[in-house]
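Everything numeric in this text was worked out from a predicted model, so none of it was measured. We use all heavy atoms of the structure for the numbers below, so side chains are in, but hydrogens, waters and symmetry mates are not. Indexing begins at 1, ligand by ligand and atom by atom, following the structure's order.
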Amino acid sequence: MGFPRRPTVVVYNKSGNGNGDAATSPQKSTKTVEDTVVFPADDDNLCVVDPLCGGTLMKAQHLGDFMKLPKYNNPMLDDEAYGAVGHFIDPDDVVPQTVVHNINKPLSTNLFLRAGPRAQVHFHPNEVKAAIVTCGGLCPGLNTVIREVVMTLWGRYGVRKILGVKNGYRGFYAENLIELNPEVVDGIHRRGGTMLGTSRGGSVTAKIVDAIEYRGINHVYIIGGDGTQKGALAIHEEARKRGIKLAVAGIPKTIDNDVDIIDRSFGFDTAVEEAQHAINAAHVEATSTPLGVGLVKVMGRHAGFIAMHSTLSSRDVDLCLIPEVPFFMDGPGGVIEYIESKLALNNHVVIVIAEGAGQEQVQSHVSGTDASGNKLLADCGLWLATDMKEKFKARGQEICLKYIDPTYMIRAVPSNAADNVYCTVLAQAAVHAAFAGYTGFMVGPVNGRHAIIPIDVATQTSSSVNPQDRMWARLMASNGQPSFAKKGGVQKKK
Ligand SMILES: Nc1ncnc2c1ncn2[C@@H]1O[C@H](COP(=O)(O)OP(=O)(O)OP(=O)(O)O)[C@@H](O)[C@H]1O
Ligand SMILES: O=P(O)(O)OC[C@H]1O[C@](O)(CO)[C@@H](O)[C@@H]1O
Ligand SMILES: [Mg+2]
């Protein structure tokens, strides 16, 4: 199903001729095709954009792309909450991936279909048999998402066959599925963890799709991180190969916030908020004794977002170490010299290190992977604590170091209010897209508007902190830590 040709309005840009090519002087838009509406260019501030000009539509796969589909009116048309105000999305509405553009360059951005209920759907409520699964590490909000998927299927779409898959992907073929309904899930959003259980490993695609086919499941809601979404893509591709009418809906989840394209993953904000308790404790310990050093290690396997945001939020952190920014301990411009300068200045220092930082320096290299193939990490926090104590002792300075590792405490909690609202909208977006016949997609906020993102696009890359980004600059400006870019003296505050 191609992207329908829409009446286009032509770009009249300050330095372009309407075809996106820069020109030396403002010119009237010259492109005229039968369905092009050419705006008069008498108003120099007028800059309208051709929705196709510079936009690349990244359209999620649709079951109608590979099978004949029935059409039904969305049951929500009779829904007091929606029908009355016509809250249906134009199926051609799109969300731009890039929002900052330069007026001297042609617009260029990926466009994703906007998430939300469509007036026409391709599943009858009575035919839907839905399954929900949670995979990978725990994350605040998992139960809120489960609850809202059930409430939306049951309450908005009238679905009565909803199954919970236990303990991750292996639950499709190695466990009994459990019946879900509003009563079963009512209060679960107040509890951390996942009522379904989760796991790593066990993602045998053929066995999963066999089980889906055998049980007659035709909606599958897959809640998980980058690994899980790769598993969801494999399930989608296998179902498509078998010609099964199966809506595969990915709902991205991870406290690491390493899922690309979306603004952030649910649970991340709550994890950052929880990390504050550990950082505050480290600050109290460090400021209550001479030469006090408070050291906190936070999660974030390969992405330092939790460390960066909890540092920026706390304002009491003197040094933040993340996997994306290499650092060295000794010599001019190193960590030891910087800590020494901070101790001389304030008689205390607070350090936050992400668990994936400095792995190349940790002597006791841990080898091997977890059940999902994720590389196991050495405890960089313990290594840093030991290294600092030894080096300051050798310099005749007995630092009083307290090492706090909150580990699972930042993720085994219920989601905070902001994440709860996020989880609600995210879950609803997944159900709307599945009913609209999309598949092999992941939903998530892109520049604040929920979008339907092809899973193959979303899983091509993962997200990590960009040290050249202004957020990292803000952190360095806020605590004065050096860039550790090269050996050569602590950067003096200007
Ligand atoms: N490339 C892949 N193809 C198929 N399945 C995968 C792939 N990577 C991971 N999986 C499966 O997805 C599930 C979860 O993966 P993983 O343990 O990496 O957690 P995650 O989804 O990345 O979440 P988090 O990072 O928050 O822990 C596991 O069952 C794993 O076997
Ligand atoms: O849940 P496990 O297997 O202990 O793995 C912990 C990992 O899971 C995460 O919480 C999410 O991927 C990481 O931050 C952490 O490194
Ligand atoms: Mg992961």
### Query
Ring centroid separation for His236 and Phe441, is it under 6.0 angstrom?
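No: the rings miss the under 6.0 Å criterion.
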### Message
With a 4.0 Å cut-off on heavy atoms, is Lys253 in contact with ligand 1?
### Response
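The answer is yes, since Lys253 has a heavy atom less than 4.0 Å from ligand 1.
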### Task
Run the contact test for Asp226 against ligand 1 with a 4.0 Å cut-off on heavy atoms, strictly below, and give the result.
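So Asp226 counts as touching ligand 1.
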For [atom], grab the closest protein heavy atom and report residue, atom and distance to one decimal in Å.
atom                    : answer
atom 2 (C) of ligand 1  : Lys230 CB, 3.6 Å
atom 4 (O) of ligand 2  : Tyr408 OH, 2.6 Å
atom 19 (O) of ligand 1 : Arg200 NH1, 3.1 Å
atom 5 (N) of ligand 1  : Ser203 OG, 3.0 Å
atom 30 (C) of ligand 1 : Ser372 OG, 3.4 Å
atom 14 (O) of ligand 2 : Asp256 OD1, 2.6 Å
atom 4 (C) of ligand 1  : Gly231 CA, 3.4 Å
atom 14 (C) of ligand 1 : Thr228 OG1, 3.2 Å

### Query
Measuring from the heavy atoms of Gly225, does anything fall under 4.0 Å of ligand 2?
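No, Gly225 has no heavy atom closer than 4.0 Å to ligand 2.
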### Message
Please determine whether side-chain contact (heavy atoms from CB on, under 4.5 Å) holds for the pair Leu312 and Met471, giving the CA-CA distance in whole Å, both sets of side-chain angles, and the decisive distance to 0.1 Å.
### Response
CA-CA 9 Å; Leu312 278 167; Met471 209 58 167; 4.0 Å; yes
State plainly whether the residues [X] and [Y] are in salt-bridge range, i.e. N to O under 4.0 Å.
X      : Y      : result
Arg242 : Asp210 : yes
Asp65  : Arg240 : no
Lys241 : Glu238 : yes
Asp370 : Arg301 : yes

### Query
Looking at ligand 2, does any of its N/O atoms fall within less than 3.5 Å of an N/O of Gly300?
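Yes; the residue has a nitrogen or oxygen that sits under 3.5 Å from a nitrogen or oxygen of the ligand.
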### Query
Taking distance alone, with no angle check, do Arg411 and ligand 2 share an N/O pair under 3.5 Å?
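Yes, Arg411 has an N/O under 3.5 Å of an N/O on ligand 2.
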Among [options], closest by any non-hydrogen atom to [atom]:
atom                    : options                        : answer
atom 18 (O) of ligand 1 : Ile235, Ile255, Asp256, Asn374 : Asn374
atom 6 (C) of ligand 1  : Ala234, Gly224, Gly227         : Gly227
atom 15 (C) of ligand 2 : Lys253, Glu355, Arg200, Arg301 : Glu355
atom 29 (O) of ligand 1 : Gly202, Ser462, Gly201         : Gly201

### Message
Show me which atoms of ligand 1 lie under 4.0 Å from any heavy atom of Thr254.
### Response
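Those of ligand 1 that fall under 4.0 Å from Thr254 are 24 (P), 25 (O), 26 (O).
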### Message
Quick check on contacts: which atoms of ligand 1 are under 4.0 angstrom from a heavy atom of Gly225?
### Response
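It comes down to these atoms of ligand 1: 20 (P), 21 (O), 22 (O), 23 (O).
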If only side-chain N and O atoms count, and only distance matters, is there a donor-acceptor pair under 3.5 Å linking [Y] with [X]?
X      : Y      : result
Tyr403 : Asp379 : yes
Ser462 : Asp258 : no
Asn181 : Glu183 : no
Ser415 : Asn420 : yes

### Task
Start with the C-alpha gap between His219 and Leu153, add the side-chain angles, then the distance that decides, and say whether side-chain contact (heavy atoms from CB on, under 4.5 Å) holds.
CA-CA 10 Å; His219 277 209; Leu153 283 167; 4.2 Å; yes
### Any donor-acceptor pair under 3.5 Å from Ser314 side chain to Asn280 backbone
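Side chain of Ser314 to backbone of Asn280, a donor-acceptor pair under 3.5 Å: no, none is there.
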### Query
N/O/S atom of Asp258 under 2.8 Å from the Mg ion (ligand 3), yes or no?
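So Asp258 does not count as coordinating the Mg ion (ligand 3).
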### Query
Closest N/O/S atom of Asp226 to the Mg ion (ligand 3), by atom name?
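This residue's closest N, O or S atom turns out to be OD1.
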### Query
Where's the contact between Ile255 and ligand 2, heavy-atom distance under 4.0 Å: side chain, backbone, both or neither?
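The answer is the side chain of Ile255.
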### Query
Counting both backbone and side chain atoms, is some N or O of Ser199 under 3.5 Å from an N or O of ligand 1?
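N/O-N/O distance below 3.5 Å does not exist for this pair.
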### Query
Between Gly137 and ligand 1, does any nitrogen or oxygen pair lie at a separation below 3.5 Å?
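Yes; at least one N/O pair falls below 3.5 Å.
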### Message
Which label fits Phe327 and Trp383: parallel for a plane angle under 30°, tilted from 30 to 60°, or perpendicular past 60°?
### Response
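Taking Trp383 first and then Phe327, their aromatic rings sit tilted (interplane angle of 30° to 60°).
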### Task
Within a distance under 4.0 Å of any heavy atom of Met299, pick out the atoms of ligand 2 and give their elements.
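The list of qualifying atoms is 10 (O), 14 (O).
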### Message
Go through it in stages, so that I can follow the logic: the residues are Trp154 and Val185, the test is side-chain contact (heavy atoms from CB on, under 4.5 Å), and I'd like the CA-CA distance, side-chain angles, deciding distance and then a yes or no.
### Response
CA-CA 12 Å; Trp154 189 283; Val185 299; over 6 Å; no
